[in-house]
Amino acid sequence: MKHPFRPIATAAIALITATACVLSAQAQEKVLNLYSARHYQTDDAMYDQFTKATSIKINRVDADDAGILARLKAEGSASPADVILLVDAARMALADSQGLFQPIKSKVLDDAIPGHLRATPTAAGVTWTGFSTRARIVVYDPLRVKAADVATYEQLADPKLKGLLCIRSGSHPYNLSLFATVVERLGDEKGEAWLKGMVANMARAPKGGDTDQIKAVASGECGVAVTNTYYAARLIKSSKAEEREAMEKVRVVFPNQGTSGTHVNVAGAAVAKHAKHRDNAIQFMEYLASPFAQGYFANGNHEFPAAKGVKVDNPALKSMGGDQFKAENIPLGVVAQNMTKIQQMLDRVGFK
Ligand code: FE
C-alpha cells in the first residue's frame, strides 16, 4: 500500500529544501565590503589570504578617515559597508559616537585582543577592536636636552624645556588620545595644568605632522618633539639619505617606563552599523586577530601586533627599543569619554 503521508512529506521536504537553498544563498553570498583608511601594499597579501581561506571576496573602498565617515553618513542605512578600518582610538570613538558601528560578540576576539585595546564593552558586545598598536614617543636633541629631562610625558610641561617643545596640533586625534589617557591618570586639574605647561614650552606654534617634528629636532629648530613610533621607523628605513641622517641626529625615549608606561594607540576595525554581510564581517575581524594577519597588519606600517602572544620582527622598531618597552594599559575607551573635555581644555589653555 502506498504510504498516505508520503506526498505531503515529500512536498514538505521540497519546501524545506527550497527555503534552505534561499537561506544558504543569502548566508553564503561570499562578499565583504571593506571601507579602509589604511593603504599599505602589504595589506593586499593579507586580504588575498582571507579570500583564499574563506572564498569571501573583499571589495575595498580606500579613503582617508574623514572621507570614510562622511561617506558612511551620506549612505545611511543603504551603505554597503560591512567592515570599517580606521586609525586611532579618537577616530574610532568619534565614528562610534555617531552610530556608525554595531556591537559584536566574539569569543575569538575576546580571547585574542587585550580588552584595553578595544571599545568599552556593553551588554550588546563591543563595537571597535584594535588590531595593531603604535607608541607615542618622545624624540630629543642630545646636544640640548638630557634624557633624564624627557623621561615622562609630565616633564614635557616642565619649565626646564621652555622654548624647546615641538608638537603637532593638539586637536589631532593622535594627541587627543594621548592627552585623554594622561588626563585620566593625572585628574582634570593637573591634566589641564600639564597642557598649559606644554603650551608655555613650545618652540613654535603647532604645525605639520609627526615627521615634521622629528625633522625640526634634527635641524635644531626644536629640542624635543612627540611622534608615533612608525614615523621614526619610516625615517630609519627611508631611501633618502637626509631622512636617515635626520633620525641619526635625534634620540628616542619611550616615556613613563618607570611609571604608567608609554601611551599606545591602535589601528582597528569595526562592523558597520548597516552591514549586509554581518557574519562575513565578524569572520574577517576574527581573521585580523590571527597570527598570520597580525604580522601583515603590524609590519605594513611598522606597528606592533595587538593580539596577545604575537610578536613580529621589525629591525627598525627594535633599533629604537620597540621590542622591550612597557606599554600603558589604560583602556582606550577613556579616549571616548574624555574627548569633549580635552577639547575644552585645549581651547582654555590656547593649545592650537
Ligand atoms: Fe599616522
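Indexing begins at 1, ligand by ligand and atom by atom, following the structure's order. In what follows, residues are counted from 1 in the order of the sequence shown.
- Note on ring orientation: taking the six-membered ring where Trp is involved, the planes of Trp194 and Phe179 are perpendicular (angle over 60°, cut-offs 30° and 60°).
- Note on ring orientation: taking the six-membered ring where Trp is involved, the planes of Phe292 and Tyr287 are tilted (angle from 30° to 60°).
- Here Glu75 pairs with Arg71 in a salt bridge; the nearest charged N to carboxylate O distance falls below 4.0 Å.
- Remark: Phe297 pairs with no residue by the ring-ring contact (aromatic ring centres under 6.0 Å, His included) rule, at least two apart or across chains.
- The closest side-chain donor-acceptor pair between Thr340 and Gln343, if any, does not fall under 3.5 angstrom.
- Under 4.0 Å is where a charged nitrogen must lie from a carboxylate oxygen, and between Asp313 and Lys318 at least one such pair does.
- Below the 2.8 Å limit, the Fe ion (ligand 1) has as protein N, O or S neighbours Tyr174 OH, Tyr230 OH, Tyr231 OH.
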